[in-house]
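All heavy atoms count here, side chains included; hydrogens, waters and symmetry mates do not. Order of listing sets the numbers, starting from 1, for every ligand and every atom in it.
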Amino acid sequence: MKLDVNVLRYLSKEDFRVLTAVEMGMRNHQIVPAELIDRIAGLKHGGTYKVLKNLLKHKLVHHDSSKYDGFRLTYLGYDFLAIKALVNRGVFVSVGRQIGVGKESDIFEVATEDGTVLAMKLHRLGRVSFRAVKSKRDYLLHRSSYNWLYLSRLAALKEFAFMEALKAHGFPVPAAVDCNRHCVIMSLVQGYPLVQVKQLQNPETVFETIIGLVVRLAEKGLIHCDFNEFNIMIEDDEKVTLIDFPQMVSVSHRNAQMYFDRDVECIFKFFRKRFNLSFHVDQDESGESEFDESGRPRFFAIVKSIDSLDKELAASGFTTKDQDVIEKFIEGGIEQDSENSGDEEIVDEGCLPTDIDDTVVYNLNSLHLHGCAVRHDVNDEMQEKQYSNEVSHSN
Ligand code: ADP
Ligand code: MG
């Protein structure tokens, strides 16, 4: 799929009204009946069907008439809703080139009114080979109709909350700017992922900085869980920035030590292979050092006295239930990564769950998150109004 933002220019107010109506309808319909879309959109002079045809042409919605005449949002449609909301509130004015394709995200440059370039991450959970994961992730789908749009939104929310908290605690992470739906806006790192860096002036220093980060995170009660050469950015002066946070877990997670050791191992392996570094640390007599003789940090020695950021994050409205949902999804993903053939496919089936937990969104507003998480904008207001109309009609 290509994100052709030029299309945005040609979309009218009516187009967005109908697109928003489809999104709203997805709260309780996998495929939203065309007549419901028409009712929610409430266009003054009718014409919803014509608008839907236009949205279909631009691949913003998908048409399904297998059971009844209905539509659902595509990821592109969801992208446009998020982008429009962020543009409306002045976060950026234009979208530039794509700078990254992650496993489950697309990253673009965006520019603010004063020309500052920021990074926009569009989460796409479930993009990688949905079919291969389906059996393993079925429990999620069956349990309470979680779906990819919802999970992507949750991932964005989590990433935003973690980025802010980590920044506030002095970690070298991008500055979190704003968040809407499955989209996170953050400062642009002027560097390259470590995997692309062939030479370093001071590989030992960079290595120590990176291992120091894993340790400091654990001291704050957190494990990155995807700590590798793809998620560490290096600038020209060899400054290190850590990115990509949706999979982070607490050190109290039942598999914490395994995740921690795996993160450490990734870095050791990479520096050994690429920069030919060898490691050895002299042990003190007590044998209680935070590092073993190979230089690897010891999980239990580190988390003995943690100063947990974990609690602070729990207070951010990102509930334990949400954490649980996203962890289960991500663990499913980790299990299947090795067997995944990588046949990329965009699958955005499913409706927004009826039990969608908006408290997450609103709680975030009241916090130290500066109300950025999901501010009400025109679309949201329209949704609230229309949604309550719809509910009162059906009662
Ligand atoms: P995923 O979760 O899909 O792995 P990442 O957050 O790791 O996504 O981003 C994918 C790639 O996009 C990164 O490897 C990096 O090259 C680029 N990228 C992500 N965030 C930024 C940023 N803030 N500044 C510059 N490049 C970024
Ligand atoms: Mg990544």
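No part of Asp226 comes within 4.0 Å of ligand 1, judged by heavy-atom distances. Contacts of Met186 with ligand 1, taken as heavy-atom pairs under 4.0 Å, involve the side chain alone. Heavy atoms of Ala119 found under 4.0 angstrom from ligand 1 belong exclusively to the side chain. Neither the backbone nor the side chain of Pro246 has any atom closer than 4.0 Å to an atom of ligand 1 (non-hydrogen atoms only). Contacts between Ile107 and ligand 1 below 4.0 angstrom, taking non-hydrogen atoms only, involve the side chain exclusively.
Coordination check, Ser105 versus the Mg ion (ligand 2): failed, since every N/O/S atom of the residue sits at 2.8 Å or beyond. For Asp226, every N, O or S atom stays at 2.8 Å or more from the Mg ion (ligand 2).
When rounded to 10 degrees, the angle formed at the Mg ion (ligand 2) by OD2 (Asp244) and OD1 (Asn231) equals 90°.
In terms of protein heavy-atom proximity, atom 23 (N) of ligand 1 is closest to Ser187 O, 3.0 Å. Given atom 16 (O) of ligand 1, the protein heavy atom at minimum distance is Pro193 CG, 3.4 Å. Of the protein's non-hydrogen atoms, Asn231 OD1, 2.8 Å is the one closest to atom 7 (O) of ligand 1. Ranking the protein heavy atoms by distance from atom 27 (C) of ligand 1 puts Met233 CE, 4.2 Å first. If you check which protein heavy atom lies closest to atom 6 (O) of ligand 1, you get Lys121 NZ, 2.7 Å. Looking at atom 8 (O) of ligand 1, its nearest protein heavy atom turns out to be Ser105 OG, 3.0 Å.
Shown here is Asp236, whose CG atom has no more than 12 heavy atoms of other residues, nucleotides or ligands within 6.0 Å. Within a 6.0 Å radius of NZ in Lys198, more than 12 heavy atoms belonging to other residues, nucleotides or ligands are found.
Residues Glu290 and Glu219 have side chains in contact (heavy-atom distance under 4.5 Å, counting atoms from C-beta outward).
Between the side chains of Glu104 and His123, not a single donor N or O lies within less than 3.5 Å of an accepting N or O. No donor-acceptor contact under 3.5 angstrom links the side chains of Asn180 and Asp178, judged on distance only. Looking only at atom types and distance, the side chain of Ser152 has a donor-acceptor partner in the side chain of Tyr75 under 3.5 Å away.
Tested against Lys121, the residues Asp244, Asp106, Asp79 include a single salt bridge (charged side-chain N to carboxylate O under 4.0 Å, His left out) partner, Asp244.
Across every non-hydrogen atom of Leu242 and Phe245, the tightest pair is O-CZ, 3.2 Å.
Ring geometry for Phe299 versus Phe260: interplanar angle of 30 to 60°, hence tilted. Below 30°, between 30° and 60°, or above 60°: for His224 and Phe227 the angle between ring planes is above 60°, a perpendicular geometry.
Per-residue contacts place Gly100 under 4.0 angstrom from the following atoms of ligand 1 (heavy atoms of the residue considered): 12 (O). Atoms of ligand 1 found under 4.0 Å from any heavy atom of Glu104 (numbered from 1 in listed order, with element): 3 (O). Annotation for ligand 1: atoms under 4.0 Å from non-hydrogen atoms of Leu188 are 24 (N), 25 (C).
For Asp244, a nitrogen or oxygen atom sits less than 3.5 Å from a nitrogen or oxygen atom of ligand 1, counting backbone and side chain alike. Taking distance alone, with nitrogen or oxygen atoms compared against 3.5 Å, Phe230 approaches ligand 1 more closely than that limit.
Looking at Ile243, Ile232, Val189 and measuring to atom 25 (C) of ligand 1, the nearest heavy atom belongs to Val189.
How far CZ of Phe162 is from CG of Leu217: 10.5 Å, rounded to the nearest 0.5 Å.
Because its NZ or CZ atom is not both nearer than 6.0 Å to the ring centre of Phe291 and within 45° of the ring axis, Arg298 does not count as a cation-pi partner of that residue.
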